[in-house]
Each structure stands twice: as C-alpha cells, then as structure tokens.
Amino acid sequence: MGSSNTDGTREELLKAAAELKAAIDEFVAADVSDGDVQFDQLRKANIMDATHRIQLLVKDPADVWMDQVNAITGITVKRLFSEWGAFDAIPDEGSIPYSELAKAVDTEEALLVRVGGVLTSSGFLEAVGTNEVAHTRLSRIFTHNDRRGNLFNVGWDNCIVPYAAMPKYFESYGRNEPKTSNHTPHSVAYGQPELDFYQILERDPKRLASWVPGMAAVEERMPISGVYDFGWVVDLAKQDGDKAQQRPLFVDVGGGKGQAIKAIRAEFPGLPAERCVLQDRVEVIDAANALGEPELRGVSKMAIDFFKDQPLKGALIYWIRRCLHNHPDDVCIPILKNLIEAAADDSRILIMEDILDTPPSTMAAIMDVMMMSLGGKQRTLKMWEKMLAAIGLKINSISHAKGPWKSLAVIECVKV
Ligand SMILES: C[S@@+](CC[C@H](N)C(=O)[O-])C[C@H]1O[C@@H](n2cnc3c(N)ncnc32)[C@H](O)[C@@H]1O
C-alpha cells in the first residue's frame with residue numbers, strides 16, 4: 001500500500017475533503033449570469049485540484065501506473081476514432097449499432113467494437129444495450145466540425161508524435177535543451193530534421209486542417225483582454241485625431257487571424273481600427289482576408305516575415321503574443337531586434353507570454369515541454385529580463401492575467 005489509514009493520512013484526507021466541499025459549495029453558489037468565464041474555469045479547476053489531491057492521498061503506486069496505461073490507451077483509441085471519422089458518424093442524439101457505424105466508416109465491426117470498448121468503459125462514449133454506442137457530453141466535441149476536437153488532433157500531432165521520439169532524440173543529440181528551431185524532437189519525429197515546425201506544418205495539408213481551427217480553440221480559452229490597460233492609447237488616439245496618414249498605433253506581429261485586435265478593440269472600442277495592423281505569414285493573412293470578419297473591418301492586414309526587416313517604422317505599439325515561446329533565445333533575438341530597429345524612441349514593445357513561476361504551474365510547465373519539442377521555451381522573469389536586457393530592451397511594467405491564467409502576462413518594454 002502506498003498510503004495507509006494512518007493518523008497523518010487521515011488528517012490530510014479530511015482536510016482535502018473539506019477543501020473539495022468548499023470548492024463545490026463555491027461552484028454551486030456562483031452567479032454565472034455575469035458570464036465571467038475565467039472565474040467559472042477557476043471554480044471548476046478548484047474542484048478538480050481538490051479531487052486530484054484526494055486521489056493522490058488514497059492511490060497506491062500501482063494505481064498511478066494503471067492511470068498512465070489508461071491515459072495512453074485512451075488517447076490512442078480517441079485518435080483512431082477521430083481518424084476513422086467514427087465520432088462524426090455517431091448521431092448527435094440517440095445511438096448507433098456498431099454494425100451500422102462499421103459500414104459508415106468503412107472499418108471492420110470487430111475492430112470498432114474493441115477500440116470502442118475502451119471509450120465506453122471509461123464513460124467517454126455511452127454503451128447502449130450490448131451492441132450500440134452513443135455520444136456523451138464529453139465526446140461530442142471530438143467531431144471534426146467542432147474546433148475543440150481538432151485541438152485533440154493538434155495534441156496528437158504536436159505532442160504525442162514528438163514526445164515518443166524524445167528519448168531517442170536526446171540520446172543522439174545529447175541531453176541539452178534544443179537550441180535551434182530545426183533539429184528538434186518535432187522535426188526529427190517527422191523525419192525532416194532540417195526543417196522547422198512551420199515548414200513541416202505547411203507541407204502537410206491534413207495537419208494544417210486541424211491546426212488552424214485547433215489553435216483557434218486554444219486562443220478562445222486563453223485571455224487576451226483584461227490584462228493590459230490600453231486606456232492611454234485610446235486617449236492618445238483622441239488627442240491626435242484619426243487621420244489615416246498618422247502613425248500606426250497597434251501593430252500585431254504574428255497576430256494570427258486577428259484575435260488580439262478583436263479582443264482588445266472589444267474592450268477598448270476607442271482604439272481606431274484604421275490605426276491597427278495585423279501582420280502574419282502570407283497564408284495566415286490570406287486566411288484572415290478570406291474570413292472577412294466584420295470586427296476587423298478597417299484593420300490593415302499585411303503579410304510579413306518577422307525574421308526580416310519590420311516594414312512599419314515608428315508604430316506606437318508593437319504587440320507580439322505567444323510567438324516568442326515557440327523559439328529558443330537565439331531565434332527570438334533577431335525577431336525582437338527587427339522590432340527594436342523599427343521602433344521610435346517612444347514606441348513600446350508589448351510581449352504577451354507566460355512568465356513561469358518557480359515552481360511553475362502545471363499548465364505552464366506542460367506548455368514548456370510542448371514548446372521544447374519545437375525548440376521553443378517558456379520563460380521565467382529572470383530569463384525574460386536576461387534576454388531583453390541583452391538586446392537593449394528595458395521592462396517598463398508587467399501586467400498579469402487573473403485566476404487560472406495568472407502566469408500569462410503582458411511585458412511592456414521600451415528601448416534603452
Ligand atoms: C502560436 S501563434 C500565436 C498567434 C497569435 N499571436 C496569438 O496570440 O494567438 C504564432 C503565430 O506566429 C506566426 N508566425 C510564425 N512564423 C512567422 C514569421 N516568420 N513571420 C510572421 N509570423 C509568423 C504564425 O503564423 C502564428 O500565427
């Protein structure tokens with residue numbers, strides 16, 4: 001037995017049970033009509049944390065091993081069902097016999113029943129009678145028309161595949177942090193060591209098809225607004241009018257499909273769209289143009305390569321969010337230097353990234369290993385300070401997100 005019913009364990013268990021009860025009471029009493037998603041997530045996270053602590057107290061080491069086997073097998077069978085289109089073929093309401101599902105997805109029935117057995121036994125899918133299967137609240141998002149289901153496939157492609165290659169990678173490359181964007185666990189796992197993450201991705205249309213909506217699902221969960229106060233930019237915009245020829249106020253470098261500009265303008269509508277610029281790789285800008293979202297009307301969209309000269313000089317703000325953690329220091333430095341060279345003396349460079357606590361939160365630490373597989377890195381404040389100081393940037397202020405995302409921050413920098 002890993003834990004026994006000794007006085008110490010009993011006390012800790014009772015304490016954890018009281019914390020669980022308190023977390024549940026807070027959850028059921030909460031007024032969710034205010035729509036504060038972050039705090040709703042935090043309340044749920046408190047319940048899950050307390051449950052996790054209870055499980056740690058009562059589990060034997062062998063149970064932990066079993067959990068891992070469950071997780072590995074569960075992930076694998078979900079990937080198979082997703083790949084075969086089986087989640088899509090199960091009706092949204094009601095059940096389907098395995099024989100019909102087998103025909104719909106062109107897979108042997110006996111194989112589907114075995115793979116489906118893992119999903120129904122864990123409660124992920126519902127077994128109906130002896131030979132039918134139905135969706136549950138948890139499984140519906142795994143259909144391809146749900147962005148969160150694509151996120152699962154992104155997790156497989158970007159985590160499971162490179163993670164499985166990591167032991168061999170470190171055996172041949174040495175037990176050191178990956179320090180380049182190629183020759184990473186990811187590029188080695190995909191048999192293209194000379195290429196970086198985006199070069200591999202853009203050559204694989206099937207992966208790209210999951211990546212774009214999957215990342216949108218991540219972006220929806222991570223806060224953009226409510227962290228940094230852009231009130232001073234709105235005031236400045238009012239003072240100097242909004243003539244088109246005036247300097248850009250907000251340049252979103254590597255801004256994806258414009259999620260930050262949308263979120264920030266929703267919070268600060270006084271920030272004129274005409275003075276915001278969205279920059280990204282040409283295919284991402286094409287995708288943003290094709291979407292033609294009304295919230296981005298008036299915003300200029302510009303294809304750039306952030307490794308090359310920044311074409312917009314003297315903007316008030318260069319905003320770069322969740323791009324630098326994709327890269328090691330030696331690759332971040334040229335990206336930032338391009339911004340420094342373009343910046344005017346009063347320009348500010350705003351970096352929105354995690355600042356890792358020591359020890360880090362679970363989510364930030366997991367993300368760090370994900371980034372490591374691409375050659376990237378999550379950074380502590382010391383790491384940020386060291387890298388930024390080395391290229392002549394001073395940190396003016398740090399604004400943290402709230403609740404479960406508190407390690408996410410906007411680091412405001414100026415040239416020294
Ligand atoms: C992790 S995403 C972050 C997107 C967005 N900033 C956000 O916070 O959601 C990284 C972004 O960097 C862009 N990117 C990667 N390499 C780039 C390059 N060389 N030049 C410009 N953008 C690039 C990607 O296309 C992608 O949109």
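Just follow the structure's listing: the first ligand is 1, and inside any ligand the first atom is 1.
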Got the residues with a heavy atom under 4.0 Å of ligand 1, by chain and number?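 Ligand 1 pocket, heavy atoms under 4.0 Å: Tyr198, Glu219, Gly254, Gly255, Gly256, Gln259, Asp280, Arg281, Val284, Ile304, Asp305, Phe306, Phe307, Arg321, Arg322, Cys323, Asn326.
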
Is the backbone of Ala343 close enough, under 3.5 Å, to the side chain of Lys415 for a donor and an acceptor to pair up by distance?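 Yes, Lys415 side chain to Ala343 backbone: donor-acceptor pair under 3.5 Å.
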
Taking only Lys NZ, Arg NE, NH1 and NH2, and the carboxylate oxygens of Asp or Glu, determine whether Asp25 and Lys21 approach each other closer than 4.0 Å.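 Looking at Lys21 together with Asp25, the answer is yes, because their closest N to O distance falls below 4.0 Å.
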
Between Lys377 and Asp329, is there a side-chain N and carboxylate O pair less than 4.0 Å apart?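 The answer is no: the pair does not qualify as a salt bridge.
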
Return the set of residues passing side chain to side chain contact (heavy atoms under 4.5 Å, CB included) with Asp157 (not counting sequence neighbours), or none when no residue passes.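 Side chain to side chain contact (heavy atoms under 4.5 Å, CB included) list for Asp157, sorted by chain: Arg79, Tyr190, Arg207.
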
May I ask you to check whether Tyr228 and Trp319 place their ring centers less than 6.0 Å from one another?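 No, they do not, as the ring centres are separated by 6.0 Å or more.
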
Kindly indicate, with the supporting measurements, whether the criterion side chain to side chain contact (heavy atoms under 4.5 Å, CB included) is fulfilled by Val414 and Leu393. CA-CA 6 Å; Val414 287; Leu393 280 177; over 6 Å; no

